[in-house]
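Here's the structure, in structure tokens; my notes come after.
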Amino acid sequence: MADGIKPQPGIMDIALYKGGASSVAGKENVLKLSSNENPLGTSDAAKEAMIRTAHMLHRYPPTDHSALRAAIGEVWDVDPDRVICGAGSGEILKLLAEAYAGPGDEVMFTEHGFSMYPIYAHACGATARVVPERERTVDVDALLAACSAKTKLVFIANPANPTGTMIGAAEIARLADALPDQAILVLDGAYAEFVDGYDAGLSLVEARQNVFMTRTFSKIYGLGGMRVGWGYGPQPIIDVLNRIRGPFNLSVPALAAAEAAVRDTEFTDKCRIENAKWRDWLATALAEIGVPSDTSTANFILARFADAAEAEACDAHLREEGIIARPVASYGLPHCLRITVGDESACRQVVHAIAQFKGSR
Ligand SMILES: *Cc1c(COP(=O)(O)O)cnc(C)c1O
């Protein structure tokens, strides 16, 4: 008996994260549109760079990620000394929570916010403070009204997942300006590269001491399987995170693939253009058959149905057709399905299947 063995407070409040499904029982060839993965795969340069590391897998990776940070610095015009790299941007978000929040503190995010945020909050023993949105969009006034001396971190994905909506630079600046002294605004830019002309909050990070930005290689770069992300922020915060980061958190192949991927802007430009084209086509085609969605700035759309029952029935029909979308009831959106923007053929298949479903009712 070891009744005295107990985890830290908060950990048993965590509901296990459920990733997007990748199979349907009895179906061989499925179309996976449940995890916002890149339909064009990964840049060839990144794949080749990864393969070239095969002869050095017995070596430990570098601890300072200097080559990857230098490449990020060049491509995004940021100071490499204020870049930190992690095993996915998830690791960076977790380090922020561990470093800046604990029992008695609040980690704030919004009603339909990314489901990893409460996990990071609970894991460090802090309280998750969930703030209402307005029409599936982050509401800066509601966030500011909820702030207190306990607020340590405010997590906002812009564009947001699973809603696909975003708020403007002026709204973000207004939020950063009015936060209490001890709070950090974390701008999760997982989908930022899909938005033409959006700086993901970089200029705000440069201008302020309380704004931190995270980015990922999992989405537009098509490297979700390699687990690489990065953060950019004020030097004091970067220094704190580096103290608790595992020294070998990124593998040799992951570092090589990410460095080549970030430099291959031709590939990401192509992905951004294709995504925007087929996202808008998909949203318009679905709206025409009675399935509206908010204007998405990301690589997915949030399709809205009449009610939860219709969304569930449509999901079941899609699975029957070998198409996997993402039910988002756990995000407080039981009447919606999140659908990743695939390539042309994928988008046409989804619209065809949903039209069939609608026509049969
Ligand atoms: C996909 C996603 C991420 C990326 O997580 P990684 O750990 O970098 O794979 C981060 N935030 C949001 C909102 C996401 O949807």
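Here the structure is a predicted model, which is why all the values come from computation and not from measurement. All ligand and atom numbering here is 1-based and tracks the order in the structure.
Salt-bridge formation is not detected for the pair E288/K358: no Lys NZ or Arg NE/NH1/NH2 atom is positioned less than 4.0 Å from an Asp or Glu carboxylate oxygen. A salt bridge links R263 with E74: at least one charged nitrogen is closer than 4.0 Å to a carboxylate oxygen. Checked for salt-bridge contact, R215 and E193 meet the test: a charged N lies under 4.0 Å from a carboxylate O.
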Please tabulate, one line per pair, the protein N or O atoms found under 3.5 Å from any N or O atom of ligand 1, giving the distance to one decimal.
residue, atom, partner, partner atom, Å
ligand 1, 5 (O), S89, OG, 3.4
ligand 1, 7 (O), S89, N, 3.4
ligand 1, 7 (O), G90, N, 3.0
ligand 1, 7 (O), R227, NH2, 2.8
ligand 1, 8 (O), S89, N, 2.6
ligand 1, 8 (O), S89, OG, 2.8
ligand 1, 8 (O), T216, OG1, 2.5
ligand 1, 9 (O), S218, OG, 2.6
ligand 1, 9 (O), R227, NH1, 2.9
ligand 1, 9 (O), R227, NH2, 3.2
ligand 1, 11 (N), D188, OD1, 3.3
ligand 1, 11 (N), D188, OD2, 2.6
ligand 1, 15 (O), N161, ND2, 2.7
ligand 1, 15 (O), Y191, OH, 2.6
ligand 1, 15 (O), K219, NZ, 3.3

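The aromatic rings of F300 and Y191 lie perpendicular to each other, with more than 60° between the two planes, well past the 30° mark. Using bins of under 30°, 30° to 60° and over 60° for the plane-to-plane angle, the ring pair Y120/F155 lands in the perpendicular bin.
Remark: R348 fails to qualify as a cation-pi partner of W278 under the 6.0 Å distance and 45° angle criteria applied to the six-membered ring.
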